[in-house]
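Residue numbers start from 1 in every chain, and the chains themselves are labelled A, B, ... in the order their sequence lines are given, proteins ahead of strands.
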Number of protein chains: 2
Amino acid sequence: MPSSDVIEPIARALSIMSAMNQHRLSTISDLHRATGLPKPTVHRILATLISCGYVGKDIDRSVYMLTEQVLSLSSGYGKEAWLLQVGTPVARRITREVKWPVAIGILDYNTIVVQYSTRPYSEFVMQGSTVNKRFNLFSTAMGQAYLGFCEETQLQNILQALRDQEVQEDCILESDSKIKRYIAAVQDRGYGLRVGNRGESTHMAIPIKSDHQIIGVIGLSIFSSCFNDKVAKEYLALLRKSAGEIVDSMDKMMALAEHSAT
Amino acid sequence: MPSSDVIEPIARALSIMSAMNQHRLSTISDLHRATGLPKPTVHRILATLISCGYVGKDIDRSVYMLTEQVLSLSSGYGKEAWLLQVGTPVARRITREVKWPVAIGILDYNTIVVQYSTRPYSEFVMQGSTVNKRFNLFSTAMGQAYLGFCEETQLQNILQALRDQEVQEDCILESDSKIKRYIAAVQDRGYGLRVGNRGESTHMAIPIKSDHQIIGVIGLSIFSSCFNDKVAKEYLALLRKSAGEIVDSMDKMMALAEHSAT
DNA sequence: AAAAGCGTTCCATATTGCGAAACATTTTTT
DNA sequence: AAAAAATGTTTCGCAATATGGAACGCTTTT
């Protein structure tokens with residue numbers, strides 16, 4: 001009675017791999033018992049997994065184990081994935097509420113990479129999707145949200161890395177005092193801000209902090225002509241509330257997962 | 001021309017998941033391009049993975065991402081898995097060379113758990129397999145190999161944990177000085193040793209240390225009647241050489257994996 | 001307005017995975 | 001030592017099912 005449209009061999013292979021992850025070494029009979037699959041089937045699935053490199057077999061004996069290649073299925077899975085899983089619905093909710101597009105980004109090397117954007121949902125037409133686009137740390141709202149509120153050591157690391165890179169885009173880097181003033185301004189304001197010209201858009205962003213660490217930034221875009229102190233205050237509060245919700249949900253989910261991961 | 005006996009749907013699903021692990025969010029077209037699979041096929045595989053809980057889908061848009069459940073395929077994969085992957089062939093080689101069975105164990109809570117044993121390969125018949133059996137830290141050769149050569153803080157942690165457990169098996173715990181003498185004796189000897197009576201077997205074991213940390217222990221069993229100082233010296237050298245090889249191979253492989261895991 | 005791209009559904013077809021049964025080998029029991 | 005039980009592996013005829021071209025509806029781009 002498997003719900004239709006499910007490719008059975010795949011479901012079976014995954015259950016085998018999941019079972020193999022419970023113990024370091026497995027025999028065919030172990031897996032037969034653990035999954036309820038007929039032994040010839042287990043055998044054939046293992047042959048497939050071996051051929052694909054995810055399973056290794058003891059040469060002489062019939063003992064199987066997962067290889068390090070299983071990490072290629074999950075190594076990208078970390079805090080950022082949690083952030084997205086929890087963050088995307090929140091971002092969509094904000095856009096439903098205030099119409100303006102919302103984006104979630106993370107730090108990658110020395111830029112902010114947009115991971116998710118509700119731009120397509122927004123009724124206000126703006127230029128195409130920004131997903132996977134990289135944004136400069138200086139001069140963008142999301143970048144400011146990171147630089148202005150990360151820990152001092154992290155800041156120094158980033159600045160050093162920026163100085164080391166060959167192409168110098170930010171002339172601000174030439175003066176330490178300029179940097180300090182720039183960052184202090186962001187901190188005083190309480191959020192990242194990049195005001196666009198008339199006809200362009202203006203962006204505001206804040207960090208998403210968990211455990212004193214910035215795990216990502218969340219930003220909102222708005223037509224420059226619609227931007228003023230009043231809406232800034234309103235949307236800032238909304239972003240802060242949302243960031244808080246994201247962190248709370250993440251903590252809960254991660255605690256849950258930790259617990260159920262035997 | 002896929003090498004026969006490989007279940008295609010499984011191989012395809014794995015390639016999809018592997019591709020999804022590269023970017024946080026994927027569209028069907030992304031995966032279609034990345035894997036070369038027809039779009040209806042990608043669609044069907046994703047439906048399967050969603051049904052199995054390994055993939056989540058953005059409600060409104062068609063954006064897919066791996067869920068935390070992918071960790072259930074690999075969370076058990078750590079240093080110990082590397083140890084086994086590298087260690088098992090070494091263990092077999094020793095047994096081929098000297099005939100006696102060799103076992104590899106790791107610390108789990110407050111016991112040593114045998115992960116692999118070449119007992120079935122040994123021409124000397126001994127009692128059944130010891131895989132997944134737990135061995136006391138005191139009074140066994142493998143346990144001594146751990147206690148005698150782990151770091152002081154680790155030792156204290158273990159002792160505390162042993163004292164805390166309800167059933168007190170090791171009366172040696174009652175006296176700190178007894179413990180100290182016991183451990184000092186192991187250290188002086190240079191390896192864990194449990195001498196059996198005539199007709200029984202004798203066991204010797206040493207730690208496998210990488211980066212000042214004990215990642216496992218390796219031990220050799222021998223008929224008590226065959227054990228004497230001369231063979232002890234010989235086998236100890238063999239075990240030490242082998243442990244060194246294991247650590248070297250592990251370091252190499254892990255460095256390699258680190259590098260190729262983009 | 002047209003064209004290109006995307007996600008999704010359909011469906012006839014042959015492919016392909018299936019697992020009972022038989023066989024080989026090892027381990028345990030008698 | 002023999003018998004019995006358990007485990008790993010191979011075979012094979014058949015039915016189940018995964019397949020992907022084509023078509024559809026939709027959005028985005030030209």
Item to complete: Measure the CG-CD1 distance between Leu83(A) and Ile208(A) for me, rounded to the nearest 0.5 Å.
Response: 5.0 Å
Fill in: Spacing between Leu46(A) atom CG and dT7(D) atom P, to the nearest angstrom
16 Å
Item to complete: Establish, from distance only, whether the side-chain atoms of Ser221(A) and Ser201(A) form a donor-acceptor pair under 3.5 Å.
Response: no
Item to complete: Determine the sole option in Asp108(A), Thr140(A), Asn110(A) for which the side chain to side chain donor-acceptor pair (under 3.5 Å) test with Arg134(A) is passed.
Response: Asp108(A)
Discussion item. Does either side chain, that of Ser75(B) or that of Asn21(A), offer a donor lying less than 3.5 Å from an acceptor on the other one?
Written reply: yes
Item to complete: Report yes if a side-chain nitrogen or oxygen of Thr41(A) is closer than 4.0 Å to either non-bridging phosphate oxygen (OP1 or OP2) of dC18(C); otherwise report no.
Response: no
Item to complete: State which residues pass side chain to side chain contact (heavy atoms under 4.5 Å, CB included) with Thr67(B); sequence neighbours excluded, sorted by chain then number.
Response: Gln85(A), Gln69(B)
Item to complete: Measure the spacing between NE2 of His43(A) and CG of Leu37(A) and express it to the nearest 0.5 Å.
Response: 14.5 Å
Item to complete: Specify the angle, to 10°, made by the local axes at the two ends of the helix from dA1(C)-dT30(D) to dT30(C)-dA1(D) when five pairs are taken at each end.
Response: 40°
Worksheet item: To the nearest 0.5 Å, how far apart are CD1 in Ile10(A) and OG1 in Thr48(B)?
Response: 5.0 Å
Item to complete: Would you give a per-nucleotide map of nucleotides 5-12 of chain C, 5' to 3', where B means the base has a protein non-hydrogen atom under 4.0 Å away, S means only the sugar-phosphate does, and - means neither?
Response: -SSSB---
Worksheet item: Between dT15(C) atom P and Asp5(B) atom CG, what is the distance in whole Å?
Response: 17 Å
Fill in: Nearest heavy-atom neighbours spanning Tyr191(A) and Ala232(A)
OH-CB, 3.7 Å
